[in-house]
Each structure stands twice: as C-alpha cells, then as structure tokens.
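Note sheet for the following structure.
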Amino acid sequence: MGLYRAVVQPLFFALPPELAHRLANRLLGLPLPWGRIGGAEADPALEVTLAGIRLRNPIGLAAGFDKTCAHLDALGRLGFGYVVGGTITRVPRAGNPKPRVVRYRSRGSMVNAMGLPNPGAEAAARTLARLPRTGPRLASIADEALDDALATHALLEPHVDGVELNASCPNVSWGRDRDNEAHLTALLRELGARRRTPLFVKLPPFRAEVEREVVLALARIAVEGGADGLVCSNTRPVADPRLAVGAGGLSGQALLADTVRIVDEVRTATRGAVPIAACGGVATAEDALACLRAGATTVQVYTGFVYRGPRVVQELTAAIASARRRTGAGLGTPAGP
Ligand SMILES: Cc1cc2nc3c(=O)[nH]c(=O)nc-3n(C[C@H](O)[C@H](O)[C@H](O)COP(=O)(O)O)c2cc1C
C-alpha cells in the first residue's frame with residue numbers, strides 16, 4: 001500500500017476524477033509487471049467456485065472500472081479472482097454531461113453520474129476477442145429494450161465466463177421508472193433458453209421498507225427465473241450539485257454497513273439458493289471479512305481499489321486466507337451453495 005498511498009494516489013487525486021481514471025486506464029494498457037505491482041495471496045483456502053466458475057480468490061473487480069473491457073487482462077494480472085467489464089449496451093453511449101464524477105476524499109467515497117458511457121456490444125465483443133484471458137471475467141450488460149439486451153448478451157457471452165445483468169444503475173432510466181419486475185422476468189425467461197454461461201443479477205441497495213420490499217421481490221424473481229447468482233448492491237442515489245445532472249450514485253466507505261445488512265437479508269429471503277457477491281464500500285480486510293461472514297461468496301471492490309491502490313487485493317486475500325486457516329469453513333461459503 002505504501003508507494004501507492006504516498007506517491008501515486010496523491011498524483012492521481014490532484015487530477016479531476018475522470019482524467020485520473022483515463023490515465024489509470026492508459027497505464028493499464030502498458031506492458032508493466034502488473035502481477036508484481038498488484039498481487040494476491042495464493043492459497044487453496046482462498047479458492048471458491050462461483051456458480052461453477054472456479055476462482056483463485058473471492059475478490060472481484062466491480063463493473064464500471066473498465067467500461068470498454070480493454071484492460072481486463074492487466075486487471076486480471078493484478079490478482080483479482082475475477083473482473084467485471086462494462087457495463088455494455090447494444091449501441092454505444094456517450095453517457096451524461098460532465099462533470100459526472102466527484103470525490104469525497106475524507107470519507108473514502110465518490111459520487112458518479114456516468115450514465116453508462118460505453119463503446120457498444122459489437123466493439124466490446126471485438127475487444128474481448130483479442131484480449132488474452134488472464135483469469136475469469138464477466139461482462140456487465142444493461143439495455144432498456146428486451147431485444148437489445150438479448151443481442152448484447154449474445155454478442156458478449158462467447159468471450160466471457162459469465163454475464164452480470166445490471167438491474168440497478170441509478171443513472172439510467174430502467175433502474176427507476178420501468179416495470180422492473182416484468183422486465184427482469186421476461187429477460188430471464190428469454191435468456192434461460194439461450195445462455196450457456198452463468199448469469200448474475202446486480203440488485204440496487206435498499207434502506208427504507210418500501211425499497212426493501214421492491215429489491216427482495218427482484219431477488220426472488222431473479223432466483224426463480226434461473227439466475228445463478230446475485231450482486232448486492234450498486235451505488236446509493238444521492239443529490240450532488242457539483243455534478244452536471246445534479247445527482248448520482250454514492251460509492252465507497254459509506255455503503256459498507258448497508259452492504260453487510262443487505263447481503264444478510266437477501267441471503268435469508270432467497271434461502272441461500274444462489275451465491276451472493278457483496279459489493280459496496282469494501283476497502284479493508286475487516287470490510288471483506290464482514291461481507292463473507294454475512295454470507296457472501298465473493299466480494300467486489302471499485303472505490304476501495306481507487307483509494308487504496310493495486311495492493312488492495314493482496315491485503316484482502318492475505319487476511320481472508322489467515323481467517324479461513326483459523327476458523328475453517330465457518331467463513332462465508334467457500335465452495336458456493
Ligand atoms: C465511476 C463509477 C462508475 C461505475 N459504473 C458502473 C457500471 O457501469 N455498471 C455497474 O454495474 N456499476 C457501476 N459502478 C458501481 C460499482 O460497480 C459498485 O457497484 C459501486 O461503486 C459500489 O462499490 P464500491 O463501494 O466498492 O465502489 C460504478 C461506480 C463508479 C464509482
């Protein structure tokens with residue numbers, strides 16, 4: 001953590017967030033020794049099977065860091081057990097007007113209103129086809145129209161180990177004002193007959209009782225519709241006048257307590273039928289362990305990776321391996337349900 005926290009992170013954070021992100025992606029395109037820059041504990045105690053996908057460790061990179069899927073090879077080399085590229089839609093999107101990302105440095109958080117900028121499914125499929133596979137990789141997809149979602153899935157699926165359905169982005173419309181339950185049901189029914197790889201559904205977070213009911217209903221629909229896993233959760237909608245669109249999704253430390261609670265509630269509501277990836281606010285080993293103890297099979301990170309740097313996977317995997325050696329199988333569900 002030393003060099004990144006002392007030198008690299010202050011340089012990145014001196015730049016506007018999106019510029020820093022573009023720079024990070026440029027660097028990831030260089031043939032640097034990513035395995036040494038990052039790294040992960042190699043220990044059989046860390047191996048998990050996520051809906052049939054064998055992972056060397058349970059730490060995943062969450063969707064949105066590599067929106068074009070162009071650097072999933074370098075990100076895999078950093079040590080992640082799996083990486084999620086995208087979110088990708090059928091046709092390219094420019095996303096929302098800028099500024100669309102702001103940091104809350106003292107709180108280890110960010111707010112983004114990216115609006116899913118991405119190169120579109122055809123371009124992403126071409127990119128994935130030429131990229132070496134350095135570990136398991138998923139594609140995150142989200143389309144408003146059923147036909148578009150099916151086409152995006154068909155284009156990307158041959159190049160990935162599984163697909164994550166983003167049913168939760170706060171910055172596009174179908175997370176809010178469409179009939180989400182009907183859309184998800186239809187999508188799962190159509191995909192059920194076609195898909196060959198595991199399908200994960202990324203749910204929105206919830207706090208108020210009414211949100212809780214909506215999200216738990218979506219979770220049950222996902223499981224009954226044949227989804228192989230759930231991701232809990234995405235960012236929390238907040239207002240922020242510094243963003244051009246005035247509101248976005250909060251990520252980072254502030255989400256952790258909700259993430260642990262939501263994993264527990266979703267696991268209970270779905271009776272542990274499918275594995276859960278915890279996502280939201282994980283930055284430290286304690287955070288990751290809390291999610292696994294709540295019943296998550298894997299843990300995804302985004303903002304924690306931005307704040308803590310490429311050694312974060314090493315730190316998290318070392319702590320999980322040592323906790324698993326101490327407590328045996330009592331931690332999460334190492335082999336998946
Ligand atoms: C700048 C930014 C862009 C994101 N883009 C996406 C995206 O395209 N698709 C998606 O499912 N989640 C996206 N997310 C949400 C993350 O995948 C993750 O669910 C969320 O940030 C909570 O995890 P964290 O606290 O570890 O960051 C994005 C997050 C950030 C900060």
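Order of listing sets the numbers, starting from 1, for every ligand and every atom in it.
Atom CG of Leu165 sits about 7.0 Å away from atom NE2 of His183, to the nearest 0.5 Å.
Connection of Leu116 to Leu243 is not established within any shared hydrophobic cluster, with ILVMFWY side chains joined at heavy-atom distances below 4.5 Å, either directly or through further cluster members.
When the heavy-atom distances from atom 19 (O) of ligand 1 to Arg100, Glu164, Lys202 are ranked, the shortest goes to Lys202. With distances taken over non-hydrogen atoms, the option nearest atom 17 (O) of ligand 1 out of Gly248, Gly64, Ala63, Ser140 is Ala63.
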Between side-chain atoms of residues 28-42 and protein atoms elsewhere (two or more places apart, or another chain), which donor-acceptor pairs fall under 3.5 Å?
| unit_1 | atom_1 | unit_2 | atom_2 | d |
| --- | --- | --- | --- | --- |
| Trp34 | NE1 | Leu30 | O | 3.1 |
| Glu41 | OE1 | Gln314 | NE2 | 2.8 |

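Only the side chain of Leu116 comes within 4.0 Å of ligand 1, judged by heavy-atom distances. Here Lys67 has side-chain heavy atoms under 4.0 Å from ligand 1, and that is the only part of it that gets that close.
Interface atoms of ligand 1 facing Gly281, defined by a heavy-atom separation under 4.0 Å, are 24 (P), 25 (O), 26 (O). Close approach to Met110 involves these atoms of ligand 1, each under 4.0 Å from a residue heavy atom: 31 (C). Taking every non-hydrogen atom of Thr303 and a distance limit under 4.0 Å, the qualifying atoms of ligand 1 come out as 24 (P), 25 (O), 26 (O), 27 (O). Within ligand 1, counting atoms from 1 as listed, the ones closer than 4.0 Å to a heavy atom of Ser233 are 19 (O). When each atom of ligand 1 is checked for a heavy atom of Asn166 under 4.0 Å away, the hits are 9 (N), 10 (C), 11 (O).
An N or O contact shorter than 3.5 Å is missing between Thr235 and ligand 1 by distance. Close N/O approach between Thr87 and ligand 1 is found [any backbone or side-chain N/O within under 3.5 Å].
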For this session: Determine, step by step, whether Arg212 and Glu265 satisfy the side-chain contact (heavy atoms from CB on, under 4.5 Å) criterion, reporting the C-alpha distance in whole Å, the side-chain angles of both residues, the deciding distance to 0.1 Å, and the verdict.
Result: CA-CA 9 Å; Arg212 177 176 178 274; Glu265 289 201 45; 2.5 Å; yes
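A centroid separation of less than 6.0 Å is found between the aromatic rings of Phe65 and His21.
Under a cutoff of 6.0 Å and an axis angle of 45°, Arg103 and Phe13 form a cation-pi pair.
For the residue pair Ser140/Asn166, the side-chain donor-acceptor check at 3.5 Å is not satisfied. Side-chain contact, Asn112 with Tyr302: no donor N or O sits under 3.5 Å from an acceptor N or O.
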